[in-house]
Amino acid sequence: MMSRVSLILALLAPAACTQSLDTCDDAGFRCTQFPDESSSGDDGGACLDGDAPAVVQIQNRSGNAIETVYFVRCDGTDPSEFPIMPPGLASGEDLEIPLPGPGCWLLDYAGEGCEGQTPTSTEDDVCAGDTFPWLVDDQNHVCVG
């Protein structure tokens, strides 16, 4: 049976993002180019500016290892995933990884036959240089079997 995350990623596959030369390429993401804010005239581009990547700090308190982290923009575009080196992020450990880019993201995970029941939203834009703390606990954690 296809997991919820796999189903979301399969439905959004046609909207897959394009490769760019920004900081997320170093982490192995398929990334989108940052929008050209120089011609827009608004100050919303300040969130996207900066050399430091937007980061998510995963605080794993789920009881299981996290092997893969999934990202989808809040508008449903640009699905991506970040595999964590084996044996994964053990319960009780924390890890900081770059987001595929600044902005609003839906976050999910899978590992050891378990996954998040519903994605977690950053709710607001995570700006370049910001860190979003994400507590993964047993409240939103489901396992097969």
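Quick caveat: nothing in here was measured; it's all calculated off a predicted structure.
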- Message: Measuring only between side-chain heavy atoms, which start at C-beta, is V69 closer than 4.5 Å to I58?
- Response: yes
- Looking at CZ of R61 and CG of D94, how far apart are the two atoms once the value is rounded to the nearest 0.5 Å? 4.5 Å
- Item | Straight-line distance of F71 CZ to D78 CG, nearest 0.5 Å | 12.5 Å
- Task: Identify the two heavy atoms, one from A54 and one from C127, that lie closest to each other, and give their separation to 0.1 Å.
- Result: CB-O, 3.6 Å
- Linked, directly or transitively: W134 and I84 (ILVMFWY side chains, under 4.5 Å): yes
- Item | Interatomic distance, N60 atom CG to E93 atom CD [nearest 0.5 angstrom] | 8.0 Å
- Task: Classify the side-chain pair N64/S62 by whether it contains a donor and acceptor separated by less than 3.5 Å.
- Result: no
- Are T77 and V72 side-chain neighbours, meaning at least one heavy-atom pair lies under 4.5 Å? no
- Evaluate the side-chain contact (heavy atoms from CB on, under 4.5 Å) criterion for residues V142 and E115: first the C-alpha distance (whole Å), next the side-chain angles of each, then the deciding distance (0.1 Å), finally the verdict. CA-CA 6 Å; V142 295; E115 60 188 26; 4.0 Å; yes
- Check whether any side-chain heavy atom of L135 lies under 4.5 Å from a side-chain heavy atom of Q59, and answer yes or no. yes
- Quick one: pull up CG in L107 and CZ in F82 and give me the separation to the nearest 0.5 Å. 13.0 Å
- Side chains of P83 and E67: does their closest heavy-atom pair fall under 4.5 Å? no
- Message: Please determine whether side-chain contact (heavy atoms from CB on, under 4.5 Å) holds for the pair T118 and N140, giving the CA-CA distance in whole Å, both sets of side-chain angles, and the decisive distance to 0.1 Å.
- Response: CA-CA 7 Å; T118 56; N140 187 40; 3.2 Å; yes
- Task: Verify side-chain contact (heavy atoms from CB on, under 4.5 Å) between I97 and V55, making sure each step is shown before the conclusion.
- Result: CA-CA 6 Å; I97 60 174; V55 172; over 6 Å; no
- Query: Are W105 and S121 linked by a side-chain donor-acceptor pair shorter than 3.5 Å?
  - Reply: no
- Where does the angle between the aromatic ring planes of H141 and Y109 fall among parallel (under 30°), tilted (30 to 60°) and perpendicular (over 60°)? parallel
- Query: Are the side chain of E112 and the backbone of A65 linked by a donor-acceptor contact shorter than 3.5 Å?
  - Reply: yes
- Query: Which atom names give the shortest non-hydrogen contact between F132 and V126, and what distance separates them?
  - Reply: CB-CG2, 3.9 Å
- Message: Less than 4.5 Å apart, side chain to side chain, heavy atoms only: is that true for P100 and S80?
- Response: yes
- Query: How long is the gap from SG on C104 to CG on L99, to the nearest 0.5 Å?
  - Reply: 10.5 Å
- State, yes or no, whether a side-chain contact exists between L106 and R73 at a heavy-atom distance under 4.5 Å. no
